[in-house]
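The structure under discussion appears below in the form of structure tokens.
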Amino acid sequence: MFFKNYLLKEKIKKNTYFIWKSENQSIQAIKNFKPLNLDLIIGVNRQKEVLFKNTINFAEGNFTNNALLWGARGNGKSSLIKSVFHNLVSTYRNLKLIQLNKNNIFDIEFLYSILGNYDQCRFIIFIDDLSFEKIDSDYKIIKSTLDGSIQNQPNNILLYVSS
């Protein structure tokens, strides 16, 4: 157990971008992360400013809010989240981005228990394209999971969700 925790700590220390792998309950480092240049995302200046300030506040350990960016497909919600993060990570080296697949959202409690122990890092869990069909019964289960989890959400973790 000690060795596994040591390896995870080293992985988190050496990398910035990750994806959660539910099948083996691990995080995988992403080496070649290439987001859009933040200046290329136009028409959402207010949203860009709010997300930018929120991310800075989070990196500095101040009060922040989880964020839900919603709108029509192709409006740049995911690109905005990734580009704001990438723009700030060189200044705030304690920031880490972990993408959680929407199909693995029930792992969020487990992620909280792992990442909440790394006080020196600030983790943004990014859930992309969380959406539901009108008849989708999973909505209530997922909403309940997120609502219940947020009560126990560690201070070093922030949720950014696109829908």
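Below, each value reflects all heavy atoms present in this structure, side chains not excepted, and no hydrogens, waters or symmetry copies.
No side-chain heavy atom of F63 sits under 4.5 Å from any side-chain heavy atom of N57. Under the 4.5 Å side-chain criterion, counting only non-hydrogen atoms from C-beta, Q153 is in contact with Y112. Here the side chains of P154 and L115 are not in contact, with every heavy-atom distance at 4.5 Å or above. No side-chain heavy atom of I114 sits under 4.5 Å from any side-chain heavy atom of Q25. When side chains are defined from C-beta on, L95 counts as touching T55, because their heavy atoms get closer than 4.5 Å. Within the 4.5 Å cutoff, the side chain of K82 has no heavy atoms near those of the Y17 side chain. Contact check for N87 versus F52: side-chain heavy atoms found under the 4.5 Å cut-off. By the 4.5 Å heavy-atom criterion applied to side chains, L88 and T91 are not counted as neighbours.
Looking at D128 and S78, their side chains do bring a donor and an acceptor atom within 3.5 Å of each other. For the residue pair N101 and W20, no side-chain donor N or O sits within less than 3.5 Å of a side-chain acceptor on the partner.
Heavy atoms only, all atoms of each residue included: S162 and K77 are closest at CB-CB, 4.0 Å. Of all heavy-atom pairs between A59 and N94, the closest is O-ND2, 3.1 Å.
When the shell of 6.0 Å around NZ of K13 is examined, it contains 12 or fewer heavy atoms from other residues, nucleotides or ligands.
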Which atom pairs, donor and acceptor, lie under 3.5 Å between side-chain atoms of residues 27-43 and protein residues at least two apart or in another chain?
from	atom 1	to	atom 2	distance (Å)
K31	NZ	N15	OD1	2.8
N37	OD1	D39	N	2.8

Would you be so kind as to tabulate the donor-acceptor pairs closer than 3.5 Å made by side chains of residues 116-125, with sequence neighbours excluded?
from	atom 1	to	atom 2	distance (Å)
N117	ND2	S113	O	3.0
R122	NE	F58	O	2.8
R122	NH1	N155	O	3.2
R122	NH2	F58	O	3.1
R122	NH2	N155	O	3.2

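The hydrophobic clustering, which links ILVMFWY residues whose side-chain heavy atoms are closer than 4.5 Å, places I108 and L130 together. Side-chain heavy atoms closer than 4.5 Å link hydrophobic residues (I, L, V, M, F, W, Y) into clusters, and following such links, possibly through other members, connects I81 to V44. Note: the hydrophobic cluster containing L97 also contains L158 (ILVMFWY, side chain heavy atoms under 4.5 Å, direct or indirect links). When the side chains of ILVMFWY residues are joined at heavy-atom separations under 4.5 Å, either directly or via intervening members, Y160 and I56 end up in a single hydrophobic cluster.
We find the CZ-CG distance between F106 and N104 to be 10.0 Å, quoted to the nearest 0.5 Å. The line from CD1 of I19 to OG of S26 is 10.5 Å long, rounded to the nearest 0.5 Å. Rounded to the nearest 0.5 angstrom, I157 CD1 and T64 OG1 are separated by 11.5 Å. Interatomic distance, F126 CZ to L69 CG, rounded to the nearest 0.5 Å: 9.0 Å. Between the CD1 atom in I127 and the CD1 atom in I98 there is a gap of 11.5 Å [rounded to 0.5 Å].
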Step by step, would you call V161 with W70 a side chain to side chain contact (heavy atoms under 4.5 Å, CB included)?
-> CA-CA 8 Å; V161 180; W70 60 274; over 6 Å; no

Apply the test side chain to side chain contact (heavy atoms under 4.5 Å, CB included) to residues L51 and L80: give CA-CA distance (whole Å), side-chain angles for both, the deciding distance (0.1 Å), then the verdict.
-> CA-CA 8 Å; L51 197 64; L80 180 60; 4.0 Å; yes

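Between the K14 side chain and the K9 main chain, no donor and acceptor come within less than 3.5 Å of each other.
By the salt bridge (charged side-chain N to carboxylate O under 4.0 Å, His left out) test, D129 pairs with R73, K102, sequence neighbours left out.
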